[in-house]
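Read the structure below first, then the notes.
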Amino acid sequence: MVGLAAAWALSDAGLRPRVVDPGEITDRATWAAGGMLAPMGEAREPGPFLHLALSGLERYPAFVRRLEAASGIGVGLHLDGKLLTATRPDDLRKLEARRDWLLADGHPVEWMDGEDARRLEPSLSPHVRAGLLLEGNGRVHNRDLQRALETAVAVSGVATTRGRVSALRSRGGRVEGVTLRDGRTLDAPVVVLAAGAWSGGIEGLPRPLPVRPVKGQMLAIASPDRPLCRVVTSPDVYLIPREAPEGPQVLVGATSEEAGFDRSLEPRGQAALEDGARDLVPQLGDAPVVERWTGLRPGTPDDLPIVGPDPEVSGLWYLTGHYRNGILLAPATAHLLTEGLTGVASPPAAFRVERFSDPVLVRGSGRS
Ligand code: GLY
């Protein structure tokens with residue numbers, strides 16, 4: 001999604017991007033995701049991540065309105081909050097700490113005891129002792145979003161080449177284009193590297209790019225009725241209500257595994273997700289699991305995306321490393337990229353690739 005959102009934004013700004021698209025939709029992190037839009041739930045503390053994520057969320061309603069109008073595809077945006085819950089004493093303390101720093105930083109959150117949390121979401125387990133409602137956070141139907149964006153990009157006239165980039169071509173400190181895996185070459189004065197978890201493996205880059213795949217396993221439970229109104233999490237799982245053509249579902253995510261490019265399902269991770277979901281919402285009982293899948297998030301050492309130009313090779317731009325929040329951050333980072341490429345403003349230093357060569361700049365990102 002990140003690359004397509006950027007192409008759409010660049011085309012809107014009067015540039016003429018060409019997307020090189022591997023075309024395997026199920027490989028995409030956006031396809032595999034759950035579609036949560038939750039800056040206040042994902043951030044660990046105030047800082048650049050939270051700032052970017054909030055600006056991403058702010059952009060979403062207008063982004064979705066334009067996208068739905070351009071594509072004719074509804075993408076199911078709901079901004080009715082996300083409820084974090086705690087059951088164990090330790091988790092309760094962590095949730096209180098999150099409440100405290102979010103309130104101190106001025107964010108709209110509401111603390112609830114277990115009964116209030118169950119009034120909001122009646123299917124929650126009686127063991128839930130507290131909840132923290134993150135107002136204005138929400139969700140989008142990620143697969144419809146992916147389809148809508150592909151349609152909008154095609155309708156806007158952006159050219160697409162099917163294939164996978166294997167290498168960047170540059171000479172004398174200037175980008176010349178890319179080479180594809182099948183040997184074809186494309187010429188371009190500017191190349192934006194937005195290859196998600198595969199970004200670090202592109203050959204010919206002027207520097208090692210520290211982007212690694214972080215595997216996430218997920219599953220979907222078909223639910224006899226609609227047990228949840230909004231995204232609900234425990235420290236073990238997040239649950240996302242979804243209206244599928246076959247009926248209501250609850251998406252359950254997600255593991256975080258350092259497993260290279262392995263995307264296999266793994267029984268222990270799947271069982272932990274299922275147990276976590278059924279503990280938090282006992283009404284799911286033995287409702288059947290209707291889909292299991294995995295995806296690869298593009299992780300970076302400080303969990304922040306990489307957005308901005310290469311400091312040495314002119315014409316090379318990075319737009320990658322969005323880790324757990326590609327869907328949320330895509331419109332915001334597409335905007336940063338567009339402003340950078342059109343000379344309006346440079347992307348903030350916190351997101352630029354130079355931070356990995358300057359140890360002073362490598363620090364915690366402020367996200368969980
Ligand atoms: N956005 C949540 C995840 O990556 O699991």
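When a ligand or atom number is given, it counts from 1 through the structure's own listing order.
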Report, one line per pair, each donor and acceptor closer than 3.5 Å where one atom sits in a side chain of residues 162-170; sequence neighbours left out.
from: R162; atom 1: NH1; to: D21; atom 2: OD2; distance (Å): 2.9
from: R164; atom 1: NH2; to: E24; atom 2: OE1; distance (Å): 3.3
from: R164; atom 1: NH2; to: D27; atom 2: OD2; distance (Å): 3.1
from: S166; atom 1: OG; to: T179; atom 2: O; distance (Å): 3.2
from: R169; atom 1: NH1; to: V178; atom 2: O; distance (Å): 3.4
from: R169; atom 1: NH1; to: L186; atom 2: O; distance (Å): 2.8
from: R169; atom 1: NH1; to: D187; atom 2: OD1; distance (Å): 3.3
from: R169; atom 1: NH2; to: D187; atom 2: OD1; distance (Å): 2.9

Residues forming a side-chain hydrogen bond (donor to acceptor under 3.5 Å, both in side chains) with E312, sequence neighbours excluded: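 E312: no side-chain hydrogen bond (donor to acceptor under 3.5 Å, both in side chains) contacts found.
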
Charged N-O contact under 4.0 Å between E354 and R207: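 Here E354 does not pair with R207 in a salt bridge, since their nearest N and O are not under 4.0 Å apart.
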
Salt-bridge criterion met for D113 and R119 (N-O under 4.0 Å):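 No.
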
Residue shell around ligand 1, heavy atom under 4.0 angstrom: M36, Y238, A254, R297, R324

Please table the atom pairs, donor to acceptor, closer than 3.5 Å between any side-chain atom in residues 225-233 and protein atoms at least two apart or in another chain.
from: D225; atom 1: OD1; to: Q283; atom 2: NE2; distance (Å): 2.7
from: D225; atom 1: OD2; to: Q283; atom 2: NE2; distance (Å): 3.4
from: R226; atom 1: NE; to: E243; atom 2: OE2; distance (Å): 3.1
from: R230; atom 1: NE; to: D80; atom 2: O; distance (Å): 2.9
from: R230; atom 1: NH1; to: E121; atom 2: OE2; distance (Å): 2.8

Between S71 and T151: side-chain donor-acceptor atoms closer than 3.5 Å: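 Looking only at side-chain atoms, T151 and S71 do not form any donor-acceptor pair under 3.5 Å.
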
